[in-house]
Amino acid sequence: MPTLIKSGTLVTADAVFESDLLIDGGKIAQIARKISTEGKKVVDAAGRLVLPGGVDAHVHLDLPMFGTVSSDDHYTGMKAAAFGGTTTVIDFVPQDKPSLKQSIDAWHAKADAKAAVDFAFHMNITRFNDQVAAEFPALEREGITSLKVFTAYNNRLRLGDAEIFKVMRIARDHGFLTLLHAENGDVIDLLVSEAVAAGNLAPIWHARTRPAWSEVEASLRGAALAAMAEAPLYLVHMNVAGEVDMLEYIRAQGLPVMGETCPQYLFFTEAHLERPDGAKWICSPPMRSLDDNLRLWEGLADGTLQTVATDHCPFFYDGTKEVTYEGKQIKIPGKELGQEDFTRIPNGLPGVGDRLLVLFTYGVAAGRLSLTQFVALTATNPAKIFGLYPRKGSLTVGSDADLAIWNIDRHYSNGVKVAKHRTDYNLYEGWELTARPERVFLRGRLIVDGERWLGKPGQGRFLKRKPGAEIL
Ligand code: URP
Ligand code: ZN
Ligand code: ZN
């Protein structure tokens with residue numbers, strides 16, 4: 001039976017308007033001021049906002065790191081995403097098998113049967129030679145049209161500048177988008193070895209050994225390489241004011257370079273790493289300063305930055321203790337691995353379930369972003385940039401009926417229980433929030449109903465993408 005979302009306030013990237021919305025066959029079938037209720041299952045959305053399901057273009061699920069693994073897998077992380085109003089995520093395939101195809105197959109083997117929302121993959125290119133280059137056309141057959149490269153993590157993930165340049169050129173020729181993790185690996189390695197030699201091993205040294213200028217330099221270098229390769233570029237997890245300034249300059253030259261930030265870089269600073277539980281905030285790149293936070297907000301509001309993703313990559317704070325998840329006892333080594341030495345703390349944070357909640361309260365309700373900007377930054381823009389639009393990130397007739405009905409007068413405290421990540425802490429524990437998705441639909445199916453989880457592992461579909469996505 002078709003479902004009629006009645007009398008809601010629809011919010012898209014362009015407009016806010018009162019309307020009914022009809023779901024049929026998993027798609028949005030009609031959007032009109034008044035649609036007859038006859039023969040339909042009616043969901044009353046009066047006084048509520050109806051938003052497209054969020055698209056989080058940057059998550060890491062079940063990712064091996066530092067002798068452990070990120071604690072949300074493709075079921076638990078996607079379930080948390082759904083409770084937070086996000087119905088599509090894009091995960092990264094590590095290049096850890098002899099061929100790209102084998103790496104992708106191995107990632108599907110982990111993800112497909114567990115996926116709880118729809119998902120796509122980016123491909124990490126962390127080893128590059130003629131054989132890898134020859135495999136690029138196969139990526140299109142796999143529906144993967146975006147590649148992440150790194151200027152940091154020497155001897156592990158980093159490519160040289162010439163290799164990055166070559167990747168960008170081939171990506172351009174195939175209509176793919178290159179994503180860049182921009183930090184200066186050489187400077188970081190030197191500073192880390194000096195800090196360790198001097199016995200500076202506390203979490204704050206994670207930030208002190210990864211200077212902000214290393215990112216400004218590396219993101220400008222990446223943009224210059226992209227300009228020389230005549231290729232588009234997407235800068236991931238931007239967190240430094242100088243990077244936003246660079247991006248503004250680069251875009252003013254008419255270059256196809258886009259930028260993403262994440263909530264942690266809007267709300268926290270290096271000072272959080274000086275807390276006794278500072279390991280909770282360890283991720284790469286690190287937290288910065290209040291001035292950086294403010295410049296990022298400005299970049300979101302003025303359109304210099306195109307997306308807000310999460311870089312969700314959680315670890316337990318104390319992985320020696322069990323937690324109960326869906327009735328099962330779970331224990332996964334986490335941040336305690338680096339108790340004595342910041343270089344051993346797994347890098348990454350929980351966030352996929354928090355993203356829209358904290359951004360709504362402290363972005364929209366606080367007057368920093370409009371409703372349409374919120375939808376653009378968290379759903380429509382990432383869908384466009386990564387070739388998922390208008391199927392995802394959109395309230396349009398014919399789009400997948402992925403939507404969230406929000407109550408924007410709901411007052412509660414955030415925390416581990418609300419966000420539902422499979423980890424033992426939340427960065428926003430105790431934060432007062434004022435809005436929450438009450439019902440979430442994935443392709444027309446109700447998967448979150450208040451506190452009730454109606455979804456199941458394997459319901460999420462892999463989204464094969466086509467080359468030539470929009471440049472914003
Ligand atoms: O600390 C982080 N961000 N871990 C995930 C890997 C990455 O570079 O995005
Ligand atoms: Zn990265
Ligand atoms: Zn990441």
Side-chain angles (χ1 to χ4, degrees), residues 56-73 77 81 89-96 107 119-126 146-154 156-159 164 167 177-185 188 192 203 205-207 209-210 214-215 218-219 222 233-240 243 258-266 268 270 272-273 278-288 307-317 334-335 337-338 342-352 354-355 382 386 421 423 427:
D56 188 340
H58 190 154
V59 303
H60 302 276
L61 300 168
D62 211 353
L63 178 68
M65 191 195 293
F66 290 18
T68 184
V69 64
S70 64
S71 61
D72 262 329
D73 65 18
V89 300
I90 314 184
D91 187 24
F92 291 77
V93 178
Q95 189 188 8
D96 58 5
W107 218 250
F119 65 106
F121 289 156
H122 304 294
M123 182 76 223
N124 281 356
I125 303 294
T126 53
S146 43
L147 315 169
K148 185 180 180 191
V149 293
F150 299 76
T151 54
Y153 304 117
N154 292 8
R156 215 153 50 85
L157 305 176
R158 178 183 173 182
L159 296 185
I164 291 176
V167 169
L177 179 62
T178 305
L179 282 60
L180 181 68
H181 176 122
E183 293 184 290
N184 187 310
I188 291 168
V192 168
W205 287 91
H206 176 74
T209 54
R210 306 183 92 92
S214 115
E215 292 178 58
S219 51
L233 180 67
Y234 178 91
L235 294 164
V236 294
H237 44 51
M238 293 179 68
N239 62 334
V240 174
E243 279 187 298
M258 298 166 279
E260 160 198 287
T261 190
C262 311
Q264 58 269 27
Y265 302 124
L266 299 169
F268 303 111
E270 217 182 272
H272 288 86
L273 274 71
K280 290 177 180 171
W281 279 268
I282 293 267
C283 63
S284 295
M287 310 295 137
R288 298 297 181 193
T307 67
V308 180
T310 57
D311 201 1
H312 177 78
C313 186
F315 294 91
F316 280 69
Y317 176 59
K335 303 273 186 183
L337 294 172
F342 76 89
T343 66
R344 296 176 190 275
I345 301 174
N347 287 202
L349 315 168
V352 74
D354 302 311
R355 177 180 70 136
F386 293 107
H421 307 128
T423 185
L427 294 177

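Positions are given from 1 along the sequence. Order of listing sets the numbers, starting from 1, for every ligand and every atom in it.
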Fill in the blank from the handout: Shell check on the Zn ion (ligand 3): protein N, O or S atoms less than 2.8 Å away are H58 NE2, H60 NE2, D311 OD1
Problem - Ligand-side contact atoms (ligand 1) for residue partner H237, heavy atom cut-off under 4.0 Å - result: 8 (O), 9 (O)
Practice task
For N347, counting its heavy atoms only, list the atoms of ligand 1 lying under 4.0 Å from any of them.
Solution key: 1 (O), 2 (C), 4 (N)
Practice task
Enumerate the atoms of ligand 1 whose separation from the nearest heavy atom of K148 is less than 4.0 angstrom.
Solution key: 7 (C), 8 (O), 9 (O)
Exercise for the section: Under the side-chain hydrogen bond (donor to acceptor under 3.5 Å, both in side chains) rule, collect the residues that match up with S71, sequence neighbours excluded. Expected result: none
Practice task
Determine the interplanar angle of the F342 and H206 rings, folded into 0 to 90°, and report it as parallel if under 30°, tilted if 30 to 60°, perpendicular if over 60°.
Solution key: perpendicular
Handout entry: Partners passing side chain to side chain contact (heavy atoms under 4.5 Å, CB included) against P382 (at least two apart in sequence or in another chain)
Key = V55, A57, T307
Exercise for the section: Ignoring hydrogens, just give me the one of H60, H181, H206 whose non-hydrogen atom is nearest atom 5 (C) of ligand 1. Expected result: H60
Handout entry: All ring-ring contact (aromatic ring centres under 6.0 Å, His included) counterparts of F386, not counting sequence neighbours
Key = H122, Y234
Problem - Aromatic plane relationship, F92 with H58 - under 30° parallel, 30 to 60° tilted, over 60° perpendicular - result: tilted
Fill in the blank from the handout: Nearest heavy-atom contact between I345 and F66 is O-CE2, 3.2 Å
Practice task
Output the distance between atom CD1 (I282) and atom NZ (K280), rounded to the nearest 0.5 Å.
Solution key: 13.0 Å
Exercise for the section: Please report which non-hydrogen protein atom sits nearest to atom 3 (N) of ligand 1, along with the residue it belongs to and the distance in Å to one decimal place. Expected result: D311 OD2, 2.6 Å
Problem - Audit row: L157, H181, side chain to side chain contact (heavy atoms under 4.5 Å, CB included) steps and yes/no - result: CA-CA 10 Å; L157 305 176; H181 176 122; over 6 Å; no
Completion exercise
Correct closest heavy-atom pair for E183 and P286 would be OE2-CD, 4.1 Å
Exercise for the section: Please report the closest heavy-atom contact between H237 and P285, naming both atoms and the distance. Expected result: ND1-CD, 3.2 Å
Exercise for the section: Mark the output for H312 as yes if a heavy-atom distance to ligand 1 is under 4.0 Å, and as no if none is. Expected result: no
Completion exercise
The option among S284, S70, A152 carrying the non-hydrogen atom nearest to atom 1 (O) of ligand 1 is S284
Problem - Interfacing atoms of ligand 1 (cut-off 4.0 Å, heavy-atom, C283) - result: 1 (O)
Problem - Heavy-atom gap Y153 to ligand 1 smaller than 4.0 Å - result: yes
